Amino acid sequence: MNSEPSNVVKFYNGEQIPLELHKVRVVQKLHLVPVERRLEAAREAGFNTFQLSTNDVYLDMLTDSGVNAMSDNQIAAMFRADDAYAGSQSFDRLKQAVRDVFGKEYLLPAHQGRACENIIARTFVKPGDVVPMNYHFTTTHAHIDLNGGKIEELVADEAVNPVSTNPFKGNLDPGKLRDCIARHGAGKIPFVRMEASTNLIGGQPFSIANMREIRGICDEFGIMLVLDASLIGENAYFIKMREDEFRDASCADILKTMCGLADLVYFSARKVSSSRGGGICTNDRAIAKKMEHLVPLFEGFLTYGGISVREIEAMAVGLYETTDLTVISQSPSFIEYFIGQMVDMGIPCVTPAGGLGAHIDAGRFLPHIPQEDYPAGALAAAFFIASGVRGMERGTLSSVRDEKGKDILADVELLRLAFPRRVFTLSQVKYVADRMKWLYDNRDLIGGLEFVEEPPVLRFFMGKLRAKSDWPEKLAAKYRRDFGESL
Ligand code: F0G
């Protein structure tokens, strides 16, 4: 028997249910506003869910970043924070947590994950360099570009296929990596990057067997291996659930094994430790020294790095809690439950279920909308109108234009519904599934979007769009007809 059971229990009637192994002690009132207001709010937001106010949002599934529920122990730790510009004891406690959980000796703090990426890219990426990775994250891509580098995404072809039974779609393809090194030469490759629970392909994990193989190739060519550990807890959970060798291993051991294979580990504490901040850690003093001077320049002194000391305390406790299976299983088990419902109802989604969120396949949901009209963005806006639930577009809107000004079409058009840790209840998840089914049955009503204001970088954050027809009005009217006075 597994010594560390997850939170999934079998009901007497045979149903498998992900049980909440926590109780609610602080609550926040939510607003489920009428569909007419949701339509108006969508228009005001330029059909961009980043532009909505939470005042109009019922369930905020935009992201898990900075919005995971904090534990009683995290909140308690915040009260003992040691306010000091230099040499804060809070930072000592964080360093100890990084040592204990990630097994890394040197820690450079930064205000969030992308700030770590800025420091790493400035230090190691030169114009003309190539950074191979399983898959990019938006901010990683931007920082490597900014420093004159290029990225190469080396997941197996199958990983960008939404429907799959491959348990490790986040694996970096060793054959493709060898080919990349042969094409560019190891000298042009400052590091190989592996992202845990690979975000943009649907929170898909890699296996330790794969990471070992990539480590071997890096050793062969003297290339540094960098691990983006922002979603390492979920990846560790999937390793425990899906990789035979680690079925009986503790989460703590799995985390240490993953980090032990990387020369450099960085993370967004907004995700991994249910707090706010970020950090870069390594056991190689020379690597740490190369980056160190950038921390006071861009972030803050080396013992706080732009992070509030209170959050540093919460980070330390949150890191230890990442080794607790009941903590890290909550979000992926709810996602799996939700994806199970989607599959049962025939709604196209990314399978197998991944970490951080459920991903609806807008490409197959809305085959009548061309990628140039942003089907995933349209689905995000339509779903908000239909439910008050805010998700995030992860498709061509989140991409960029080429030199000729044409959209670079995304590999996958996804609507991501994030499941921040221990935030939602199962009845709320059932509501999301129900409204998604209604929208799927009315999908023909949904049309495309076009930009009205398009920022030059990371356009999905601040961009404003409009509907290419009066489809939002028609969708809201149909909702009103079907649900009557119901919200
Ligand atoms: N790496 C990964 C894998 C991420 O998912 C994120 C953020 C970052 C780096 C950047 O970290 O936000 O602290 O600067 N992901 C968030 C999301 C924004 O919603 O998926 P950050």
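Model, not experiment: these values are computed from the prediction. As the structure lists them, so they are numbered: ligands from 1, and atoms in each ligand from 1.
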Identify all N/O pairs between ligand 1 and the protein with a separation under 3.5 Å and present them as a table of atom names and distances.
from     : atom 1 : to     : atom 2 : distance (Å)
ligand 1 : 1 (N)  : Asp228 : OD2    : 2.6
ligand 1 : 5 (O)  : Asn199 : ND2    : 2.8
ligand 1 : 12 (O) : Gln112 : NE2    : 3.4
ligand 1 : 12 (O) : Arg114 : NH2    : 2.8
ligand 1 : 13 (O) : Gly113 : N      : 2.8
ligand 1 : 13 (O) : Ser268 : OG     : 2.6
ligand 1 : 14 (O) : Gln112 : NE2    : 2.8
ligand 1 : 14 (O) : Gly113 : N      : 3.2
ligand 1 : 14 (O) : Arg114 : N      : 2.8
ligand 1 : 14 (O) : Arg114 : NE     : 2.6
ligand 1 : 14 (O) : Arg114 : NH2    : 3.4
ligand 1 : 15 (N) : Lys271 : NZ     : 3.1
ligand 1 : 19 (O) : Thr63  : OG1    : 2.6
ligand 1 : 19 (O) : Arg416 : NH2    : 2.7
ligand 1 : 20 (O) : Asn199 : ND2    : 2.9
ligand 1 : 20 (O) : Lys271 : NZ     : 2.8
ligand 1 : 20 (O) : Arg416 : NH1    : 2.8
ligand 1 : 20 (O) : Arg416 : NH2    : 3.3

Please check: side-chain N/O of Ser90 versus main-chain N/O of Asp82, any donor-acceptor pairing under 3.5 Å? yes
If you draw the axis of the six-membered ring of Tyr440, does the NZ or CZ of Arg435 fall within 45° of it and under 6.0 Å from the ring centre? no
Would you mind checking if Arg422 and Glu20 are paired as a salt bridge, meaning a charged N to carboxylate O distance below 4.0 Å? no
From Met241 atom CE to Ser329 atom OG, the distance as rounded to the nearest 0.5 Å: 7.0 Å
Does a salt bridge link Glu117 with Arg114, judged by any charged N lying under 4.0 Å from a carboxylate O? no
Can you check whether Ser197's main-chain N or O pairs, donor with acceptor, with Asn235's side chain at less than 3.5 Å? yes
